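In what follows, a single structure is set out as C-alpha cells and then discussed.
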Amino acid sequence: MKIQDKKPIDDLVIIIDFGAQYARLIARRIREQNIYCEIKPHTISAKEITARSPKAIILSGGPDSVHEKNSPKIDKDIWSLNIPILGICYGMQLMAQEMGGIVEPGEKSEYGSTQINVTKENKLFEGLQEDLVCWMSHKDLVKGLPEGFETLARSKNIPIASFENKEKKLYGIQFHAEVTHTVWGKDLLENFTSEVAGCKKTWTPESVSKMAIRNIKKEVQDEKVLCALSGGVDSVTTAVLIHKAIGDNLTCVFIDHGLLRKNERQEVENAFKFFNIELNVIDASELFLSKLKGITNPEEKRKIIGESFIRVFEDFSKERQDIKYLAQGTLYPDVIESFDPKGGPSSTIKTHHNVGGLPEDMKFKLVEPLRYFFKDEVRKVAIEIGIPEEMAYRQPFPGPGLAIRIIGEITNEKLRILQEADEIVRKEIESTILEEEVWQYFAVLTDLKTVGVMGDGRTYEHLCAIRAVTSVDGMTCDFPELPWSLIRKMSSRIMNEVNGINRCVYDVSTKPPSTIEWE
Ligand code: XMP
C-alpha cells in the first residue's frame, strides 16, 4: 500500500517535531498565514528534506534537554542546506549546541509571561515593539553564542532570548511565538517565513481547491474512483473535488456499518441528492457487528472497522472491475496522529481508521486530496467549491461511528440505547445554542452500571456521559460551559426516555490530556 506523498504546493515550510506539545500550533500559525507547512519527525534526513525543497525549516520545542544522552538531534547535514532555520526553545538550544555555543540549565525553570527587550535591529523582530511580553517554558538556556551569531533580544533572567546568524539565516527564540499568550508571536513567525525566507502566501482556499482538482486529474487520469462517503464534510468535500476533476468516473459508496446515529443513513441519502453524483448505499451492518462481537479493546475495534470497510469496498468493486482508486477524506491531523514524532510506535495516540487501520494487502491505490488539510481549511475549501453551509459546518462524526462511543463490547441493545440518548443530546443542543459555538456534541455509553431508583424499584443500569467540545481543528479541545438548564434537560430526558440508562454525567475534560472521543 503506497500513500501518495507529493508536495502539494511550491512554497513549503517544514516543521521538525521534537515531541513538542506545541508543534501542531506552529503548523496552525503558519497555515493561518496562507503558507503551506508540514510536520516531520526529527529523524528526517537532509536528503529527504532536499527532496521536498522547502523554503524554510522550523525546529519545534520539546520536553528533552540537549544534555541528555538520547535527546533528539537532527541530521547534521541539515544545518548546511542553506535553508533559513528558526529554532524555538529546544530547537534554539539544539542549534546553539550544534554550532558550538554553550547551553546550560537555567538557575530556575521559567514558565509563563516574561518581558523581553529587543537589543539589535533585525528582520525577525521587524515592525515589532522593543519591549515585548512573551510566553516562556524552559529549563535550559543558551549561555554562550556560537561563532557568527549575535544576540537579538534579552530578558531579565535570560541574556540570550533570541539570536541570529544573519549570513546563514539561522535564528533562535527561547520563547514560544506560536502560543496565543505571545500575542505578537504570529507577526514574528510571519517575519521569518515571509521576510527572511521569502515564502509566498499561496495556500488560499481558492488556490488549494484548484490545485487539488488539478492534482486529482493528473494522478487519476481516465481511471475510475470509488469514494468512501460518510456524509461528513471531509468525505463530501473529497467527493465533490474528485467529481469536479473526473466527472462521472467517480462512484460514491456509503456503507451503513450499523454504527450510525439515528436516522443518519436517510439524512445522508437525502442531502447527497443535491450533488448529482452516483451514490450506492450498502447495508453491511451484519458483517461489522459480527466481527466486533466480543471485542472490547479500542484499538482492536478501530482495526477491525478499518479492515471491514476496505473488504466491503473490495467486494463492491468486484462487480465493478474497472475501479482502481479508493478516495478517502483523510485529513492532516489523522496523518500526524498516526505517526510518532520520535520515530517509534510508542506515542501513537489512536489508529485513525482511515490511516493506520488499512490492511497491508489492500488492492486499491489511494487518493486522498485532503491529506494535507486541517479541518477548518477543509470547511473553507467546501464553501469555495459550492457545498452548502449546513454540510460544510456539520459536526464531525468519526468513521468508526458509535463503536468508539460504546465503551466495552458492542451489542445491539447498547447501540439502541446510545442512538436514543445521542439523538436527545443532538436535538437539545441544536435547539438551545448555536451549533457554531460547539465543535462536537454527543452521548457516550459507558460500560459502567450504577444503582438507581425508579418508581419504588431498584434499577441497575448504564451510566451515560454527555460530551460537548469546542475546538478549531479537533487537535485540542475545551468543554463549553453549557447552561445548567440545558444539561438538566438533556440528563432528565435521557433518564426518563431511554430504557437502559439511569445516570448521566457531563464530561469536563480538555484535550490534552483527554481526547475528544472516549476510545
Ligand atoms: P480524538 O478523539 O482523537 O478526535 O480527540 C479528534 C477528532 O477526530 C475524530 N476521530 C476520527 N475521525 N476516524 C475519523 O474519521 C477515526 O478513526 C477517528 N477518531 C477520532 C473525532 O470525532 C474528533 O473530531
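In this text, all values refer to a predicted model and were calculated from it rather than measured experimentally.
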Do any N or O atoms from the side chain of Thr182 and from the backbone of His176 form a donor-acceptor pair under 3.5 angstrom? yes
Charged N to carboxylate O under 4.0 angstrom, Glu413 versus Arg416? yes
Please walk me through it: do Thr238 and Ser235 pass side chain to side chain donor-acceptor pair (under 3.5 Å)? CA-CA 5 Å; Thr238 301; Ser235 60; over 6 Å; no
Quick one: does any side-chain atom of Glu267 pair with a main-chain N or O of Glu264 as donor and acceptor, under 3.5 Å? no
Answer yes or no: are there more than 12 heavy-atom neighbours, outside Lys201 itself, under 6.0 Å from its atom NZ? yes
Where at least one partner belongs to residues 475-506, residue pairs that pass ring pair (Phe, Tyr, Trp, His ring centres under 6.0 Å), sequence neighbours excluded: none
Is Arg379 close to Ile383 at the side-chain level, that is, under 4.5 Å between some pair of heavy atoms? no
Is it true that Arg24 and Asp17 have a side-chain N and a carboxylate O under 4.0 angstrom from each other? no
Assess whether a salt bridge exists between Lys380 and Glu377, defined as any Lys/Arg side-chain N lying under 4.0 Å from an Asp/Glu carboxylate O. no
Test item: Ser60 side-chain N/O and Phe18 main-chain N/O as donor-acceptor pair under 3.5 Å: yes
Main-chain N/O of Ile304 paired to Glu307 side chain as donor or acceptor, under 3.5 Å: no
Using a strict threshold of under 4.0 Å (side-chain N to carboxylate O), is an ion pair present between Lys262 and Glu423? yes
Find out whether Gln328 and Leu370 are in side-chain contact, i.e. whether some heavy atom of one side chain is under 4.5 Å from a heavy atom of the other. no
If you compare all heavy atoms of Ile387 against all heavy atoms of Ala392, which two are closest, and at what distance to 0.1 Å? CG2-N, 4.1 Å
Would you say that Phe272 contacts Ile277 through its side chain, given a criterion of any heavy-atom pair below 4.5 Å between the two side chains? yes
Going by heavy atoms in the side chains, are Val312 and Leu287 under 4.5 Å from each other? yes
Give a yes or no on whether Asn276 atom CG has more than 12 heavy-atom contacts from other residues, nucleotides or ligands under 6.0 Å away. no
Would you check if the side chain of Arg31 reaches a backbone N or O of Cys37 as a donor-acceptor pair within less than 3.5 Å? yes
On a heavy-atom basis, which atom in Phe254 and which in Ser230 lie closest, and how many Å separate them? CE1-O, 3.4 Å
Arg405 bridged to Glu519 by N-O distance under 4.0 Å: no
Does the side chain of Ile407 reach to within under 4.5 Å of the side chain of Leu445, using non-hydrogen atoms? no
Side chain proximity check, Ile35 to Trp203, heavy atoms < 4.5 angstrom: no
Under the 6.0 Å and 45° cation-pi test, does Arg458 pair with Tyr460? yes
Strictly below 4.0 Å, N to O, side chains only: are Arg320 and Glu278 in salt-bridge contact? yes
Using only atom types and a distance under 3.5 Å, with no angle test, would you say the side chain of Thr432 pairs donor to acceptor with the backbone of Ile429? no
For Phe316 and Phe313, run ring-ring contact (aromatic ring centres under 6.0 Å, His included): C-alpha distance rounded to whole Å, both residues' side-chain angles, the deciding distance at 0.1 Å, then the answer. CA-CA 5 Å; Phe316 176 82; Phe313 284 122; 7.8 Å; no
What distance do Thr450 atom OG1 and Ile501 atom CD1 have between them, rounded to the nearest 0.5 Å? 10.5 Å
Look at the rings of Tyr332 and Tyr372 and say which category their plane angle falls in: under 30° parallel, 30 to 60° tilted, over 60° perpendicular. tilted
Any chance you could measure Lys449, atom NZ, to Thr459, atom OG1, to the nearest 0.5 Å? 10.0 Å
Enter the distance from Lys244:NZ to Leu241:CG here, rounded to the nearest 0.5 Å. 8.5 Å
Looking at Lys224 and Lys324, would you say the former's side chain and the latter's main chain have a donor-acceptor pair under 3.5 Å? no
Mind running side chain to side chain contact (heavy atoms under 4.5 Å, CB included) on Ile15 and Glu38 for me, showing each step along the way? CA-CA 6 Å; Ile15 297 160; Glu38 290 175 6; over 6 Å; no
Closest contact, heavy atoms only, Cys477 versus Val469: SG-CG1, 3.5 Å
Before giving the answer on side chain to side chain contact (heavy atoms under 4.5 Å, CB included), spell out for Phe373 and Val381 the whole-Å C-alpha distance, their side-chain angles and the decisive distance to 0.1 Å. CA-CA 10 Å; Phe373 293 71; Val381 169; 3.8 Å; yes
Donor-acceptor pair, side chain of His257 and main chain of Ser308, under 3.5 angstrom: no
Just verifying a value: how many Å separate Ser285 OG and Asp256 CG, rounded to the nearest 0.5 Å? 5.5 Å
Find the distance between CG (Asp376) and OG (Ser471) and round it off to the nearest 0.5 Å. 9.0 Å
Salt bridge flag under 4.0 Å for residues Lys511 and Asp478: no
Between Lys273 and Asn270, is the side chain to side chain contact (heavy atoms under 4.5 Å, CB included) condition met? List the steps. CA-CA 6 Å; Lys273 284 185 186 137; Asn270 290 343; 3.4 Å; yes
Between Ile44 and Ile49, which heavy-atom pair has the shortest distance, and what is it? CD1-CG1, 3.7 Å
For the residue pair Phe442 and Leu418, establish whether any side-chain heavy-atom pair is separated by less than 4.5 Å. no
Is it true that Arg426 and Asp422 have a side-chain N and a carboxylate O under 4.0 angstrom from each other? yes
Does Glu430 come within less than 4.0 Å of Lys427, counting only side-chain N to carboxylate O? no
In terms of heavy-atom contacts, Val281 and Arg265 come closest through CG1-NE, 3.5 Å
So, taking the atom named NE2 in His243 and the one named SG in Cys227, what distance separates them when rounded to the nearest 0.5 Å? 11.5 Å
Run the side chain to side chain donor-acceptor pair (under 3.5 Å) check on Gln33 and Thr193 step by step: do they pass? CA-CA 9 Å; Gln33 300 169 24; Thr193 51; 2.6 Å; yes
Leu331 vs Glu368, side chain to side chain contact (heavy atoms under 4.5 Å, CB included): CA-CA, chis, key distance, verdict: CA-CA 8 Å; Leu331 299 193; Glu368 298 180 317; over 6 Å; no
Heavy-atom pair of closest approach, residues Tyr22 and Glu178: CB-OE2, 3.2 Å
Determine whether a donor-acceptor pair (N or O, by modelled atom type, separation under 3.5 Å) exists between the side chain of Arg467 and the backbone of Ala443. no
Are Leu25 and Thr476 side-chain neighbours, meaning at least one heavy-atom pair lies under 4.5 Å? no
Keeping Tyr90 on the side-chain end and Gly19 on the backbone end, is there a donor-acceptor pair under 3.5 Å? no
Determine, stepwise, if the pair Phe288 / Phe309 fulfils ring-ring contact (aromatic ring centres under 6.0 Å, His included). CA-CA 9 Å; Phe288 278 80; Phe309 264 119; 5.3 Å; yes
Worked check of side chain to side chain donor-acceptor pair (under 3.5 Å) between Glu48 and Ser45: CA-CA 5 Å; Glu48 286 168 306; Ser45 67; 3.1 Å; yes
